[in-house]
Amino acid sequence: MSEAITLENGAIKAPSKVSIVKIVGDGVGPEIWRASQAALEQAAKLEGREIVWREFLAGEAAFKETGSPLPAETLAALKSCRVGLKGPLGTPIGGGLRSLNVAIRQALDLYACVRPIKPMPFVPSPVKDPSSLDILLFRENTEDVYAGLEWSAQSPEAKKLIAFLREELGVKIDSDAALGLKPMTKNGSQKLIRAALLWALKEKRPSLTLVHKGNIMKYTEGAFRQWGYDLAAEEFGEQTLPESKLDPNRPNARLIIKDCLADNMFMQVLTRPGDFSVVATPNLNGDYLSDALAAQIGGLGVAPGANLGDGIGVFEATHGTVPKRAGLDMVNPSSLLLSGALMFDWLGWASSAQRLRAAIAQTVADRILTYDLARQANLKPVSCSDFGAAVLARL
């Protein structure tokens with residue numbers, strides 16, 4: 001029988017046998033799970049650990065069976081187990097249901113989306129030299145425009161809000177405008193930035209960069225920047241130093257806090273990626289930036305992701321459902337596998353994570369590549385299931 005994950009002084013303590021919520025997902029979700037599950041179990045087993053999967057529904061399968069795309073039982077299981085691993089869930093565009101990923105993050109207060117961006121040896125990349133990339137990106141996960149506060153043009157809600165803006169605040173706005181709100185709170189921003197600071201200090205990283213568009217959105221993203229500097233000074237003043245106070249002629253052992261405009265950041269991570277170590281960003285900027293960074297290390301097929309709250313983590317394949325590839329057994333399962341390795345790290349199973357990453361790296365080094373990487377390397381691709389079997393064999 002598996003034991004429960006506990007918290008000790010805010011830190012996760014996992015037993016050697018853990019119940020993990022499994023959400024297969026939509027589109028290519030079933031096939032990447034079929035290709036990955038045995039390798040995940042073996043990486044744990046070889047280090048004396050055991051996974052007990054507890055499968056729950058979300059997405060299209062959940063809607064067909066229960067009438068809800070996100071059943072209460074699934075959320076309850078994630079809260080109880082404290083850890084889950086999921087495939088991609090479909091998100092309608094332009095109408096219908098809100099994003100299920102966003103709904104899970106908000107329901108469980110998974111306020112930090114964490115994406116490690118580090119090239120794996122031998123993985124083809126569209127840039128000439130990705131070797132200097134070693135960034136951990138912390139993206140705020142529950143606020144900003146992803147809060148879902150928007151109203152369609154000519155709707156009663158939009159008309160009411162437009163009338164208020166015109167009459168009470170003197171705002172000039174077209175009567176047929178669609179509207180959205182961008183809430184960003186000090187508490188939400190600082191929870192995210194605190195998590196990034198703690199990780200950077202623990203890992204002895206050289207810098208934390210606050211990414212924002214505060215020159216235009218002064219009271220939302222500009223506030224995110226200022227709240228970050230304030231937090232570093234108030235809670236970590238002995239261990240941090242704003243870049244503006246750095247003396248190039250004196251040695252410095254403290255974590256440097258700096259900031260960068262979002263548009264400039266997109267250029268800098270292509271031209272000078274080695275200048276960045278840990279990055280904290282609001283929700284929308286982080287969504288764009290994490291995918292742009294993933295492109296440099298081979299694409300979303302090899303990009304892991306974690307959604308973290310206080311004592312709870314949901315790890316996920318970061319790509320979409322890829323419906324045109326569903327059922328063809330051809331997509332890369334590495335995002336799910338590497339998210340599993342990230343989950344092992346979070347559980348304190350570092351040796352299992354190391355084994356899994358090494359097996360994936362060796363598979364790629366042996367030029368066993370799914371179509372997304374094979375086409376970049378001009379090699380014949382293997383199937384999703386064959387790639388998973390090759391990783392398992394190298395464990």
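No experiment lies behind these values; they were computed from the predicted model shown.
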| field | Check against side-chain contact (heavy atoms from CB on, under 4.5 Å), Leu85 and Leu336 | value | CA-CA 8 Å; Leu85 181 63; Leu336 187 67; 3.9 Å; yes

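- For Asp329, there are no salt bridge (Lys or Arg N to Asp or Glu O under 4.0 Å) partners at least two apart in sequence or on another chain.
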| said: Using side-chain contact (heavy atoms from CB on, under 4.5 Å), reason through Arg54 and Ile20 one step at a time and then give a plain yes or no. | reply: CA-CA 6 Å; Arg54 296 184 61 196; Ile20 298 174; over 6 Å; no

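- Placement of Val114 and Leu300 in two distinct hydrophobic clusters is found when ILVMFWY residues are connected by side-chain heavy-atom separations under 4.5 Å, directly or transitively.
- Rounding to the nearest 0.5 angstrom, the gap separating the CD atom in Gln226 from the NZ atom in Lys218 is 13.0 Å.
- With a 4.5 Å cut-off between side-chain heavy atoms of Ile, Leu, Val, Met, Phe, Trp and Tyr, the cluster of Val127 takes in Leu270.
- Annotation: Glu203, atom CD; neighbour count of heavy atoms from other residues, nucleotides and ligands within 6.0 Å is above 12.
- Residues Asp109 and Lys191 are paired through a salt bridge, judged by an N-O separation under 4.0 Å between the basic side chain and the carboxylate.
- Between Asn307 and Ile104, every side-chain heavy-atom pair lies at or beyond the 4.5 Å cut-off.
- Residues satisfying the salt bridge (Lys or Arg N to Asp or Glu O under 4.0 Å) test with Arg225, not counting sequence neighbours, are Asp259.
- Shown here are the salt bridge (Lys or Arg N to Asp or Glu O under 4.0 Å) partners of Asp291, two or more places apart in sequence or in another chain: Arg115.
- With hydrogens and angles ignored, the 3.5 Å screen pairs no side-chain donor or acceptor of Trp33 with any backbone N or O of Pro333.
- Think of Leu57 as one node in a network of Ile, Leu, Val, Met, Phe, Trp and Tyr side chains linked at under 4.5 Å; it has no links at all.
- When hydrophobic clusters are built by joining Ile, Leu, Val, Met, Phe, Trp and Tyr residues whose side-chain heavy atoms come closer than 4.5 Å, directly or via intermediates, Ile360 is grouped together with Trp346.
- For the atom pair Leu342 CG and Arg357 CZ, the distance stands at 6.5 Å (nearest 0.5 Å).
- When side chains are defined from C-beta on, Lys213 counts as touching Asp263, because their heavy atoms get closer than 4.5 Å.
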Only pairs under 3.5 Å count here: list side-chain donor-acceptor contacts from residues 166-184, not counting sequence neighbours, and write none if there are none.
residue : atom : partner : partner atom : Å
Arg166  : NE   : Ile173  : O            : 3.2
Arg166  : NH2  : Ile173  : O            : 2.9
Lys182  : NZ   : Asp144  : OD1          : 2.5
Lys182  : NZ   : Glu221  : OE2          : 2.9

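- Of the options Val391, Leu369, Val302, Thr370, a side-chain contact (heavy atoms from CB on, under 4.5 Å) to Val364 is made by Leu369 and by none of the others.
- Here the OG atom belonging to Ser36 is positioned 11.0 Å from the CZ atom belonging to Arg34, to the nearest 0.5 angstrom.
- Residue Leu246 belongs to a hydrophobic cluster whose other members are Leu241, Ile256, with links defined by side-chain heavy atoms closer than 4.5 Å.
- Contact detail for Gly90 and Thr321: the closest heavy-atom pair is N-CG2, 3.4 Å.
- With contacts defined as side-chain heavy-atom distances shorter than 4.5 Å, the pair Asp366/Arg394 qualifies.
- Residues Gln106 and Val102 meet the side-chain proximity criterion, which asks for heavy atoms closer than 4.5 Å.
- The distance from the CE atom of Met267 to the CZ atom of Arg272 is 9.0 Å, given to the nearest 0.5 Å.
- Counting non-hydrogen atoms of neighbouring residues, nucleotides and ligands closer than 6.0 angstrom, the CD atom of Gln354 reaches no more than 12 such neighbours.
- Put simply, the side chain of Thr281 gets close to the backbone of Gly286: a donor and an acceptor are under 3.5 Å apart.
- Counting heavy atoms from C-beta outward, Ser80 and Val21 have side chains that stay 4.5 Å or more apart.
- For the atom pair Gln190 CD and Glu234 CD, the distance stands at 6.5 Å (nearest 0.5 Å).
- Applying side-chain hydrogen bond (donor to acceptor under 3.5 Å, both in side chains) to Ser352 and the options Arg49, Lys45, Gln42 leaves one that passes, Arg49.
- Judged as a salt bridge (Lys or Arg N to Asp or Glu O under 4.0 Å), and not counting sequence neighbours, the contacts of Glu316 are Lys86, Arg105.
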| request: Any chance you could lay out the side-chain contact (heavy atoms from CB on, under 4.5 Å) test for Ile12 and Leu7, step after step, and finish with the verdict? | output: CA-CA 5 Å; Ile12 290 293; Leu7 289 176; 3.5 Å; yes

| query | What's the verdict on side chain to side chain donor-acceptor pair (under 3.5 Å) for Thr66 and Ser68, showing C-alpha distance, side-chain angles and the deciding distance? | reply | CA-CA 5 Å; Thr66 70; Ser68 169; 4.9 Å; no

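- For the pair Arg375 and Pro381, the minimum side-chain heavy-atom distance is 4.5 Å or more.
- Side-chain atoms of Ser335 come within 3.5 Å of backbone N or O of Ala303 as a donor-acceptor pair.
- Side-chain contact between Leu161 and Trp151 is present, with at least one heavy-atom pair separated by less than 4.5 Å.
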| field | Glu143/Asn283 under side-chain contact (heavy atoms from CB on, under 4.5 Å): CA gap, chis, key distance, verdict | value | CA-CA 7 Å; Glu143 300 187 332; Asn283 203 329; 5.9 Å; no

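- Scanning both residues, Gly25 and Leu89, for their nearest heavy atoms gives CA-CD2, 3.7 Å.
- Residues that satisfy the side chain to side chain contact (heavy atoms under 4.5 Å, CB included) test with Asp129, not counting sequence neighbours, are Ser131.
- Rounding to the nearest 0.5 Å gives a distance of 10.5 Å between CG of Asn285 and OG of Ser290.
- For Glu235, the side-chain hydrogen bond (donor to acceptor under 3.5 Å, both in side chains) partners two or more places apart in sequence, or in a different chain, are Arg194.
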| field | Steps toward side chain to side chain donor-acceptor pair (under 3.5 Å) verdict (Asp310, Tyr111) | value | CA-CA 9 Å; Asp310 294 329; Tyr111 55 82; 2.6 Å; yes

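- Within the 4.5 Å cutoff, side-chain heavy atoms of Phe344 are placed close to those of Ile51.
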| Please walk me through it: do Ser99 and Asn101 pass side chain to side chain donor-acceptor pair (under 3.5 Å)? | CA-CA 5 Å; Ser99 165; Asn101 292 323; 4.5 Å; no

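- Distance alone, capped at 3.5 Å, is enough to place a donor-acceptor pair between the Ser339 side chain and the Gly305 backbone.
- A donor atom on one side chain and an acceptor atom on the other are not found under 3.5 Å apart for Thr185 and Asn187.
- Residues Phe315 and Leu136 fall within the same hydrophobic cluster, defined by Ile, Leu, Val, Met, Phe, Trp and Tyr side chains chained together at heavy-atom separations under 4.5 Å.
- The side-chain hydrogen bond (donor to acceptor under 3.5 Å, both in side chains) search around Trp53 returns Glu41, not counting sequence neighbours.
- Note: the hydrophobic cluster containing Leu395 does not contain Ile32 (ILVMFWY, side chain heavy atoms under 4.5 Å, direct or indirect links).
- With hydrophobic clusters built from ILVMFWY side chains whose heavy atoms lie under 4.5 angstrom apart, Leu261 does not share a cluster with Ile193.
- Sorted pairs that involve residues 250-298 and meet ring-ring contact (aromatic ring centres under 6.0 Å, His included), not counting sequence neighbours, are lacking altogether.
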